[in-house]
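Written below as structure tokens is the structure these notes are about.
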Amino acid sequence: MRIIFSLLISIQSVVAVADSTNPPALTPFKDLSTNMLFGTEVDPEALANDQPYADLLAKNYNIVVPENDLKFENTETSHGHFDFEHADRIVNFAMAHHMVVRGHVLVYQWQSEWLRNNYVDQYDHAPAGKFAAKDVKAILDHHIETVMGRYKGKIKYWDVVNEVVCDPVGTNKVDRSSLDTILQHSFWYRAFKILKEHGDVSEDFVSYAFRKAHSVDPDCKLILNDYGIEGYYGWQEKSLAARALVKMLLDQGVPISGVGFQMHQSYGNDPSVGDHLDKNIQAYKAMGLEVQVTECDIQIKLPVVSGKPDKVYGEPTPTDLKNQAETYYNLVKTCRESGNVSAFLTWGFTDKYSWIPWKYPGCGCALPFDKNYQPKPAAYAIEKALRGESISDN
Ligand code: XIL
């Protein structure tokens, strides 16, 4: 009896310790996201080797996108050689957990290095090992047929093109009078311009890629994805150029289903302020298109705790975390209430795996869960936004 009694005491004290250290329970996002899928990008190495990562992913999310593994140079590692190991791992996991999958991305000028670095501005004559415009079209056709064909019926949304709208230069806005001034003059653009001059194609590379993708998987929803286009005016009116481009595509009968806002942000830089985000979403709705938030993260500038020999950064302050949470709340709430955002994805979910510290040294902690998979204020803010509750409700 004494043994049982002391056993009970020790179980109770374990529970008490657990209660005081465990954060409040969080309802899985996927159980709350009734009119809008809620998701994240996925890292295939973490998925295979880090069980808590896989568990939290399965628990919270109902849409996923491979971070890098469906990009051109990772699927087609060299001309005509394909590798789907990582993409298959993520798609299979998603299928097993009844998740929707986004494909990212078929045409992205920065993610096709072996092709970009060897392209020459010629119609059909390229030195050995180089590619002319005619080769580029054959490569694009084969790539879309192979990659989309493999995941036909499994990938519901594909980013057909990524980052094709010009950035404003200096204080100037993007000249939106024609497709030629709106589109970045990437090697894809230049190759298709040459092909058009020779009568091989009748349109630009964006229209061509959408039509090709539609011919491979007519049931797939095809998305144009970009950054700096979230607010109604976006970054120096880049949004106006994006909407002008989409209108031109629709006028040409191009099969586009929606627009993806990447939404890489820092707090205080929140496009929902002044209703600009909702106004932009409604503008696309009026064109008959759905919107997705495809890569949201809210980076925090971290304090330097040591400068030598290398800079070491400290933790975010409680105020930073609160401001970040409010920004997440505003974005998710606006999207949910808009009625025209089919999916909201963050670019990762744990600060353990995030591209921000690599891309923006000195910044980080951009995601809703910390490095130990504990929910941050941002996670509770997202939960409230998905429930339709005020952020100050208990
Ligand atoms: C990033 C990945 O997160 C990094 O791992 C990679 O090294 C570079 O690309 N916009 C996009 C994404 O559309 O594909 C980028 O992903 C982030 C910015």
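Computed from a predicted structure; not experimentally measured. Each ligand, and each atom within it, is numbered from 1 in the order the structure gives.
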Test your reading of the structure: does Trp358 have an N or O sitting under 3.5 Å from an N or O of ligand 1?
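There is no such contact.
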- Task: Report yes if Glu67 has an N/O atom closer than 3.5 Å to an N/O atom of ligand 1; otherwise report no.
- Result: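 Yes, there is a polar N/O contact under 3.5 Å.
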In terms of its nearest heavy atom to atom 9 (O) of ligand 1, the top option of Lys359, His264, Gln262, Lys71 is Lys71
Closest to atom 8 (C) of ligand 1 by heavy-atom distance, out of Glu163, His104, Glu41, Gln111, is Gln111
Note to self: Here's one to test your reading of the geometry: is the NZ or CZ of Arg116 within 45 degrees of the ring axis of Tyr108 and under 6.0 Å from its centre?
What the structure shows: no
**Item:** Shortest protein heavy-atom distance from atom 6 (C) of ligand 1, along with the residue and atom involved
**Value:**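 For atom 6 (C) of ligand 1, the nearest protein heavy atom comes out as Asn68 OD1, 3.5 Å.
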Query - Distance from atom 11 (C) of ligand 1 to nearest protein heavy atom, with residue and atom - result: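 Scanning the protein heavy atoms, the shortest distance from atom 11 (C) of ligand 1 goes to Glu295 OE1, 3.0 Å.
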Can [X] and [Y] be counted as an ion pair, charged N to O under 4.0 angstrom?
| X | Y | answer |
| --- | --- | --- |
| Asp217 | Lys152 | no |
| Asp69 | Arg89 | no |
| Lys212 | Glu145 | yes |

Against ligand 1, does Trp347 come closer than 4.0 Å with any heavy atom?
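A heavy atom of Trp347 does come that close to ligand 1.
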How are the rings of Tyr123 and His198 set relative to one another: parallel (under 30°), tilted (30 to 60°) or perpendicular (over 60°)? parallel
One finds that the ligand 1 atoms under 4.0 Å from a non-hydrogen atom of Asn162 are 11 (C), 13 (O)
Considering residues at least two apart in sequence or located in another chain, which fulfil the ring pair (Phe, Tyr, Trp, His ring centres under 6.0 Å) criterion with Tyr227?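 Testing Tyr227 for ring pair (Phe, Tyr, Trp, His ring centres under 6.0 Å), a comparison that skips the adjacent residues, returns none.
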